[in-house]
Amino acid sequence: MATYRSVFDAAELRAQLNDAGINTKFMASIWKYVLQNPGCELGEIPDLPSSAYRLLRTKFKPFTSTVHSVFHSTDGVTTKLLIKLQNGAFVEAVIMTYDTRLGKYGGKPRLGGPRSTLCISSQVGCKMGCKFCATGTMGFKNNLTSGEIVEQLVHASLLTNIRNIVFMWHHFDTISCHVVSENDDDDGIYGMGEPLNNYTALVEAIRVMTGSPFQLSPKRITVSTVGIIHAINKLHSDLPGLNLAVSLHAPVQEIRCQIMPSARAFPLEKLMTALQTYQKNSQQKIFIEYIMLDGMNDEEQQAHQLGKLLETFQVVVNLIPFNPIGSSSQFRTSSDQKVSDFQKILRGTYNIRTTVRKQMGQDISGACGQLVVNLPDKRTRENTSLLTDIEDLRI
């Protein structure tokens, strides 16, 4: 059976158009039409050169992925899309709705209102093997193409207006970070992956998202990484203006290696040097993600070590209560008191901006048997107390 490429696979579409002597300016109008007419055939797109239709029909599809199912959380702010790829594998994309008015700027509520952030997959499975993460135990399956990455945004945009994009590498954060363990399909269901391990496709996809017709601002796109040093060193020159989030999870190399085996390949000292260079070049805050594991990395000593490690940086530290559902049971969740004490040390002693991530959508993290095939009820969403998003703390 012939394998078609996604029409949103920019590199492939550009190359094929060039080879056929067709002006690549038509790419944006092709994408715009598919966005506005998601059930269309490529032959229906108006005003293309006749040779373009033959090329599109034989090489491309409007979508190579389909939305297999939609899970909607009772918290009213979280929706998970289970997306089936052309190769039969599954990935997740998660929409989280926030209210910018719940953020504070200069002590006052911020302007704005409800809007949505989309958490996107970049790989099927993950090779990082983090001990707290369900995806890491499944191993790596394959990289997504840039078209498959962009299609997640297109699918989500049919449900709601997406304002922010987050490329997460882990599966401990809210519903987006739990892997469904059972499915009729042999491939199983895998999630997010490490974005910087699929670097070329990631860069291509983000360039599509920030160009016409999507026009997303790089300032509203966050790439989260375990700390792939060689990729961090290239990121700012390839994608200036986006937000970088680093999953640190420990202030010293020894503890980091216990939690994240991949940290052995990315020593903390070299990672901090890379982040220093990144910050100097980008002049932007860096988000630091820190999962709170009881007795492992949540003591006062570690708070002081983290404070000293980060005191020369401009950062926002996001403390993430560990959610053991669907993950390894060797860790326990830190108590609220420990999280609070940890935050006070970072804020009070080191003047580091520190937030605690609110858990959302836990009722659908194990989404088997909770299939929702219709769209979330809009009245429910409007009447639910909405949450503050970490991206809103950047300004």
Short side-chain to backbone donor-acceptor contact, [X] and [Y], under 3.5 Å:
X: D9; Y: T145; answer: no
X: S157; Y: H155; answer: no
X: N297; Y: H249; answer: yes
X: W31; Y: F26; answer: no
X: T333; Y: F322; answer: yes
X: Y53; Y: I45; answer: yes
X: T277; Y: T273; answer: yes
X: R256; Y: L248; answer: yes
X: S340; Y: D336; answer: no
X: E289; Y: I320; answer: no

Locate the shortest heavy-atom distance separating [X] from [Y]; write the atom from each residue and the value.
X: P195; Y: V223; result: CB-CG1, 4.0 Å
X: N318; Y: V356; result: ND2-C, 4.1 Å
X: I259; Y: A250; result: CD1-CB, 4.4 Å
X: T160; Y: S116; result: OG1-OG, 3.4 Å
X: P62; Y: C40; result: CG-O, 3.5 Å
X: Q279; Y: Q284; result: NE2-O, 2.7 Å

Can you tell which of I286, V317, L275 makes a side-chain contact (heavy atoms from CB on, under 4.5 Å) with L310?
-> V317
Determine, step by step, whether L244 and T222 satisfy the side-chain contact (heavy atoms from CB on, under 4.5 Å) criterion, reporting the C-alpha distance in whole Å, the side-chain angles of both residues, the deciding distance to 0.1 Å, and the verdict.
-> CA-CA 6 Å; L244 177 66; T222 301; over 6 Å; no
Among side-chain atoms of [X] and [Y], is any donor-acceptor pair under 3.5 angstrom?
X: D294; Y: S334; answer: no
X: Q152; Y: E148; answer: no
X: N143; Y: Q123; answer: yes
X: E151; Y: T64; answer: yes
X: N198; Y: S122; answer: no
X: H72; Y: T79; answer: yes
X: S65; Y: Q86; answer: no

Would you give the length of the straight line joining atom [atom1] of [X] to atom [atom2] of [Y], rounded to the nearest 0.5 angstrom?
X: Q253; Y: M272; atom1: CD; atom2: CE; result: 12.0 Å
X: I165; Y: L118; atom1: CD1; atom2: CG; result: 4.5 Å
X: F8; Y: K61; atom1: CZ; atom2: NZ; result: 14.5 Å
X: T354; Y: I345; atom1: OG1; atom2: CD1; result: 10.5 Å
X: R54; Y: I22; atom1: CZ; atom2: CD1; result: 8.0 Å
X: L309; Y: Q302; atom1: CG; atom2: CD; result: 12.5 Å

Whether F342 and Y290 hold their rings parallel, tilted or perpendicular, with breakpoints at 30° and 60° = tilted
More than 12 heavy atoms of other residues, nucleotides or ligands under 6.0 Å from [atom1] of [X]: is that the case?
X: Q215; atom1: CD; answer: yes
X: E254; atom1: CD; answer: no
X: D238; atom1: CG; answer: yes
X: N351; atom1: CG; answer: no
X: K338; atom1: NZ; answer: yes

With heavy-atom distances below 4.5 Å as the criterion, would you say the side chains of [X] and [Y] are in contact?
X: V208; Y: S146; result: no
X: I206; Y: F167; result: yes
X: K59; Y: R5; result: no
X: I288; Y: V316; result: no
X: N37; Y: E44; result: no
X: L144; Y: S121; result: yes
X: L48; Y: L56; result: yes
X: Q343; Y: L319; result: yes

Candidate pair S6 and F60, rule side-chain contact (heavy atoms from CB on, under 4.5 Å), full reasoning | CA-CA 6 Å; S6 167; F60 294 93; over 6 Å; no
Check the pair Q16 / E12 against side chain to side chain donor-acceptor pair (under 3.5 Å), numbers first and verdict last.
-> CA-CA 6 Å; Q16 293 284 351; E12 186 67 21; 3.1 Å; yes
Taking it one step at a time, do D298 and L293 satisfy side-chain contact (heavy atoms from CB on, under 4.5 Å)?
-> CA-CA 6 Å; D298 64 346; L293 302 171; over 6 Å; no
side-chain contact (heavy atoms from CB on, under 4.5 Å) assessment of V7 paired with L13 | CA-CA 7 Å; V7 78; L13 181 59; 4.3 Å; yes
Begin from the C-alpha positions of Y199 and H230 and carry the test ring-ring contact (aromatic ring centres under 6.0 Å, His included) through to its verdict.
-> CA-CA 10 Å; Y199 189 84; H230 60 274; 8.1 Å; no
For the pair E204 and R14, find out whether any cationic side-chain nitrogen is under 4.0 Å from an anionic carboxylate oxygen.
->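 Salt bridge between E204 and R14, a charged N being under 4.0 Å from a carboxylate O: yes.
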